Visitor: 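Have a look at this one before I ask anything.
Chain A is the first sequence line, chain B the second, and so forth, proteins listed ahead of strands; every chain is numbered from 1. Since we're looking at a predicted model, the values are computed, not measured.
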Amino acid sequence: MAENLPPLEDQFQFASDDLSNLDTESESINTPSLTYFQDVKRRLIRNKVAMTSLILLVIIALVAIFAPILSPHDPNAQNVLYANLPPKWGSLNIPGLNGIHEAGGHMVNAYQAEHVPKGTYYIMGTDYLGRDLFSRILYGTRLSLFIAVVATAVDLLVGVPYGLISGWVGGAVDTFMQRIVEILSSIPNLIVVVLLLLILKPGITSIIIAIAFTGWITMSRLVRAQTFKLKESEYVLAARTLGESPFKIAMKHLIPNLSSTIIIQTMFTIPSAIFFEAFLSFIGIGIPAPNASLGTLLNDGQKAFHFLPYQMWVPAIVLSVIMITTNLLGDGLRDAFDPKSK
Amino acid sequence: MAQKVLDVKDLSIDFDTLNGTVKAIRDVSFHLDKGETLALVGESGSGKSITVRTIMRLLADNETITNGTIDFEGKDILKESKKEMDKIRGGKIAMISQDPMTSLDPTMNIGNQVAEPLRVHEGMSKHKALEQAAEVLEEVGIPNARERMRDYPHQFSGGQRQRIVIAMAIIDNPDVLIADEPTTALDVTVQAQIIKLLKDLKDKIGTSIIFITHDLGVVANIADRVAVMYAGKIVEYGTVDDIFYNPQHPYTWGLLDSMPTLSMNSDRLNTIPGTPPNLINPPKGDAFYARNKYALKIDHEKQPPFFKVSDTHYAATWLLDKRAPKVTPPESIQKRQAEFKKRGEADHD
Amino acid sequence: MTKYIIRRIFYLILTLFIVASVTFFLMKFLPGTPYSNQAKLQPSQIAIMNQKYGLNKPLWDQYLIYMGNLLHGNLGTSFQFNNQPVTQLIAHDIGPSMQIGTQAMIVGSVLGILLGAVAAIKKNTWVDSGATFISILGISIPSFVLAVLLQYYFGYKLQWFPVALWQNFSSSILPTLALAAFPLANVARFMRTEMVDVLDSDYIELAKAKGDSERKTITHHALRNSLIPVITIVGPMAVSIMTGSLVVENIFSIPGIGNQFVQSILTNDYPTIMGLTIFYSFLLVVIILVVDILYGIIDPRIRLGNGGKE
């Protein structure tokens with residue numbers, strides 16, 4: 001033990017002389033402190049599932065934005081001669097992608113049967129009016145995403161101020177505002193949306209209004225609850241005592257603190273808006289013909305699904321992928337903002 | 001020689017975290033004698049709770065025991081089967097946890113909760129177990145215990161809930177009772193009541209207690225022996241008198257010095273400067289080095305071994321080495337040591 | 001508790017009153033006319049029809065008559081199905097809807113609870129990942145897409161179940177599965193979060209410290225404590241099933257009220273739309289009320305008030 005030590009008398013000197021710099025050394029061993037948002041970013045980037053979803057979503061969004069450039073055909077151009085052609089990828093000879101499909105119990109080369117010129121092919125086939133499905137999918141995704149993003153933006157514009165006012169003012173105003181929310185939420189969302197669509201002229205704007213009309217409720221509830229909590233917090237109290245105006249406090253203290261709630265909820269509003277659009281178009285009161293959206297494509301595809309399954313598969317997959325990735329990204333964001341929730 | 005009930009040897013525990021492996025417990029050894037109360041003292045994060053949870057084998061998912069043995073009744077607890085452990089937990093070794101507000105199942109009435117150990121360990125009938133639970137609840141000071149057996153935890157106050165938790169722990173007469181900061185979450189007046197209750201119960205059922213706390217005032221009140229922990233290691237251990245009146249480790253000095261006393265006529269509280277080291281990369285020398293104003297150069301290079309102060313008293317500090325320079329401890333510690341000396345002389349007379 | 005229930009029932013009636021009023025006035029602003037073969041009708045015939053349905057009276061009178069009828073449980077008569085009373089239509093078609101709705105609710109919650117509990121117990125293992133994957137699919141894939149896929153593979157290709165129509169129990173299986181997917185996934189996610197929290201709690205640690213085996217800690221303490229909050233999502237579950245039933249019944253050609261609602265929208269059958277809207281809202285508020293009361297009965301913290309302390 002102690003006896004085995006080399007008799008280095010020097011070792012038994014006080015270390016206090018060089019302690020001051022050692023102190024800083026011990027500090028430097030500690031992990032560097034990160035700001036909240038840096039920490040969130042770090043956790044998000046580490047989450048492979050969320051990052052993959054984000055990348056996929058960005059790709060889908062880019063494809064949607066550049067649909068007019070990427071589309072090989074006019075999505076609404078009909079060519080009844082070339083109706084219901086199966087997918088064909090140039091001269092590739094892979095079953096399912098070679099333009100040959102089953103019809104009446106035989107394998108038929110639909111392109112030859114319809115005398116389609118050699119260089120012409122449709123990589124996702126055509127629909128019952130001979131419209132190019134690939135172009136329709138691109139435009140459909142574009143329209144669905146557009147509706148979802150605008151509806152979500154309206155949700156934010158209505159839901160956040162509504163929740164802020166209700167939570168911040170409190171008292172009778174809050175009671176009244178919450179009563180309205182309560183009544184609205186005791187009718188299933190979809191029925192409210194349907195009723196609104198019946199009154200408004202069918203079209204994109206009507207769908208956005210109808211979806212946004214119910215969508216803001218959840219957002220306002222979450223914002224209200226958070227505002228309530230923040231209102232009682234020390235630093236907001238301090239700001240109030242210092243005489244800052246309520247608006248300034250909201251901008252400076254509440255919005256940054258509410259941002260995680262809002263961002264996460266936004267990520268869950270988008271898939272629900274996409275769902276509603278698809279749903280409405282699917283039952284036939286959504287996007288009017290001939291415009292393509294994921295919902296109308298599903299509706300068209302479903303009619304011939306038993307015989308021409310590809311017409312339903314493609315929009316179904318695109319819709320599901322968008323829904324799955326937005327949900328996964330939402331989950332990832334929630335975990336990143338609040339690591340305890342996992 | 002007192003009989004050892006529990007003997008922890010060279011215990012080392014790692015935790016896997018996002019930032020790396022935390023060496024939370026490093027070569028901890030201590031023992032518990034039959035019928036005694038051992039206090040484990042230290043700052044939060046020093047490894048007290050982890051140590052006792054390991055004794056109960058209540059391990060976290062990311063926890064690995066890298067070394068050591070825990071002897072209990074001639075067997076190593078760390079090698080027991082799951083089934084064997086279930087028998088030991090709550091039967092032979094019981095635990096009282098820190099926060100009585102969250103320690104009871106909110107959806108089960110307290111009668112059933114307190115009776116549960118008897119049902120599990122003794123296979124007692126429900127009726128009999130409940131009968132005994134009522135008795136124990138009365139014993140720990142729940143008024144109208146019999147009528148209140150069907151009440152749920154939220155219908156009791158914090159102090160009462162801690163009494164219920166204690167009743168649950170002692171109902172099967174455990175050999176060892178682990179009390180993990182049982183008074184931290186309570187009001188001061190209630191704290192004193194709970195300490196008194198524990199002392200009374202100990203005398204009555206003769207159980208040995210490991211008492212974890214960061215409050216030295218409580219230690220003086222209840223413990224027979226004290227082990228001081230710092231950064232996952234025990235730095236000094238001895239009887240209550242050894243630690244309170246003849247402390248040797250500068251960390252113990254710091255702890256005692258930061259304890260407010262009535263006789264202290266200074267108007268400021270002393271603190272230990274700095275923070276404990278990061279245990280992902282524990283310092284190769286003495287972990288207390290950076291915060292220690294009595295540190296020697298060797299503290300930076302080499303961990304101090306335990307030096308024997310007396311038969312009951314050991315401390316791990318190079319200051320006790322023959323080659324170390326003489327140091328003068330803080331004034332309050334000098335007073336304590338003088339007191340200790342006087343007592344020793346009085347004993348010899 | 002009784003006082004609370006009475007107050008809640010009062011609000012329930014108020015809510016339904018407002019829903020009915022709003023629906024009534026909305027319907028009056030609707031474009032289009034209820035008479036599908038309008039072109040062939042003479043103005044005089046329209047006048048007769050209007051008189052018959054009371055559509056020539058001032059709006060206010062129509063409103064009072066409608067609300068009065070509503071009090072007597074009369075939802076008016078349908079325009080499209082030979083002047084059948086709407087209540088009769090609902091009564092006639094509610095059976096299949098209720099059956100698949102209830103089945104979906106049971107399948108969804110039972111499997112969801114199991115999946116969520118298993119995921120929580122096996123946290124951070126492949127079982128957990130698998131459960132998470134299933135729940136994400138269930139939440140993301142719309143019920144109507146799932147319905148069509150199920151119909152194609154299990155009905156048309158494999159012919160295990162009827163492709164459509166309502167004949168016997170096996171007709172209800174595919175629609176039930178299509179409707180159950182979302183609630184299942186939702187319950188599983190919720191249950192997992194709750195149970196992870198509970199398993200991490202002090203009282204579970206203390207239960208283990210008492211000597212409860214792993215199995216007993218789960219069955220005696222963890223399950224009950226995590227199940228109680230799951231009751232709160234029964235309301236949203238019911239909504240998703242109602243919503244889904246509109247299309248799922250349509251896809252499988254099931255004569256239920258969901259299918260009926262879609263038909264009445266497509267044919268501008270106001271009284272049926274109004275009647276079903278009020279009926280759906282009624283169903284929803286009653287379910288939410290029952291759930292809240294149930295929650296109070298099951299959770300001792302609410303049942304017994306916050307007595308004792310604090």
Side-chain angles (χ1 to χ4, degrees), chain B residues 52-53 55-62 82-83 85-109 112-122 148 150-161 165 168-169 171-172 174 178 180 185, chain C residues 1 119-129 191-192 194-232 294-310:
Chain B
V52 291
R53 273 175 177 66
I55 294 174
M56 296 213 81
R57 282 264 299 274
L58 295 170
L59 308 186
D61 293 340
N62 57 347
K82 257 189 179 172
K83 237 185 173 166
M85 260 337 279
D86 286 341
K87 278 188 202 155
I88 293 174
R89 279 198 288 250
K92 290 169 179 162
I93 305 180
M95 187 167 91
I96 303 166
S97 50
Q98 191 176 73
D99 188 355
M101 305 313 274
T102 55
S103 304
L104 293 165
D105 184 336
T107 58
M108 190 186 257
N109 69 41
N112 281 329
Q113 289 196 62
V114 173
E116 214 176 354
L118 290 179
R119 309 261 294 140
V120 177
H121 298 292
E122 312 295 332
R148 302 211 63 186
R150 285 192 182 186
D151 284 352
Y152 288 85
H154 74 273
Q155 294 166 293
F156 294 87
S157 70
Q160 284 177 320
R161 285 194 215 185
V165 172
M168 214 156 81
I171 193 165
D172 202 20
I178 292 171
D180 183 4
Chain C
M1 191 78 190
I121 294 166
K122 304 270 174 199
K123 195 182 151 198
N124 296 337
T125 64
W126 65 268
V127 179
D128 187 16
S129 314
M191 180 73 187
R192 180 188 178 276
E194 284 299 324
M195 188 120 164
V196 164
D197 269 1
V198 168
L199 286 176
D200 214 34
S201 69
D202 288 351
Y203 60 84
I204 290 296
E205 185 182 51
L206 211 61
K208 284 186 202 154
K210 276 197 277 187
D212 280 4
S213 61
E214 217 174 314
R215 195 199 187 93
K216 204 175 169 209
T217 8
I218 288 164
T219 53
H220 274 60
H221 299 282
L223 267 184
R224 177 173 28 195
N225 278 287
S226 353
L227 272 175
I228 291 174
V230 173
I231 300 171
T232 55
L294 213 64
Y295 192 78
I297 291 173
I298 293 173
D299 193 330
R301 278 164 297 191
I302 299 176
R303 179 182 40 181
L304 301 166
N306 236 355
K309 219 223 136 167
E310 276 109 27

Visitor: Out of B:Asp105, B:Val120, B:Ile171, return the one with the most heavy atom pairs under 4.5 angstrom to chain C.
Guide: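 Of the options given, most contacts go to B:Asp105.
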
Visitor: Locate the shortest heavy-atom distance separating B:Met95 from C:Ala209; write the atom from each residue and the value.
Guide: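 Heavy atoms of B:Met95 and C:Ala209 come nearest at CB-CB, 4.0 Å.
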
Visitor: To the nearest 0.5 Å, how far apart are CD in B:Glu116 and NZ in C:Lys216?
Guide: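 NZ of C:Lys216 is found 4.0 Å from CD of B:Glu116.
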
Visitor: What is the distance from atom CG of C:Asp212 to atom CZ of B:Arg119, rounded to the nearest 0.5 Å?
Guide: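 The distance works out to 11.0 Å.
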
Visitor: Is a donor on one side and an acceptor on the other found under 3.5 Å between the side chain of C:Lys210 and the backbone of B:Gln113?
Guide: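 At least one qualifying donor-acceptor pair exists.
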
Visitor: Pick one of side chain, backbone, both or neither for B:Lys87, based on which atoms fall under 4.5 Å of a heavy atom in chain C.
Guide: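 Neither; nothing under 4.5 Å.
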
Visitor: Would you find more than 12 non-hydrogen atoms of other residues, nucleotides or ligands less than 6.0 Å from B:Glu122 atom CD?
Guide: yes

Visitor: Below 4.5 Å, heavy atoms only, C-beta onward: do C:Ser201 and B:Thr102 meet side chain to side chain?
Guide: no

Visitor: Quick check for you: among B:Ala169, B:Gly90, B:Gly91, which has the greatest number of heavy-atom pairs under 4.5 Å with chain C?
Guide: B:Gly90

Visitor: Sort B:Met56 into side chain, backbone, both or neither according to what part of it lies under 4.5 angstrom from a heavy atom of chain C.
Guide: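 The side chain, not the backbone.
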
Visitor: So what's closer than 4.5 Å to chain B heavy atoms on C:Ser213: side chain, backbone, both or neither?
Guide: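 For C:Ser213, heavy atoms of backbone and side chain both lie under 4.5 Å from chain B.
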
Visitor: How long is the gap from CG on B:Asp61 to OG1 on C:Thr125, to the nearest 0.5 Å?
Guide: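 The distance works out to 10.5 Å.
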
Visitor: Name the region of B:Arg57, side chain, backbone, both or neither, that has any atom closer than 4.5 Å to a heavy atom of chain C.
Guide: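 Neither part.
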
Visitor: Please classify the contact between B:Ile178 and chain C as side chain, backbone, both or neither, with a heavy-atom cut-off of under 4.5 Å.
Guide: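 For B:Ile178, neither part sits under 4.5 Å from chain C.
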
Visitor: Could you state the interatomic distance from CD (B:Gln98) to CD (C:Glu205), rounded to the nearest 0.5 Å?
Guide: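 Separation between the atoms: 10.5 Å.
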
Visitor: From C:Ile228 CD1 over to B:Thr107 OG1, what is the distance, rounded to the nearest 0.5 angstrom?
Guide: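 Between atom CD1 of C:Ile228 and atom OG1 of B:Thr107 there are 5.0 Å.
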
Visitor: Mind checking the CG-CE spacing from C:Asp202 to B:Met101? Nearest 0.5 Å is all I need.
Guide: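 Going from CG on C:Asp202 over to CE on B:Met101, the span is 12.0 Å.
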
Visitor: Chain B heavy atoms under 4.5 Å from C:Asp200: which part of the residue, side chain, backbone, both or neither?
Guide: neither

Visitor: Between C:Leu206 and B:Ser97, which heavy-atom pair has the shortest distance, and what is it?
Guide: CD1-OG, 3.7 Å

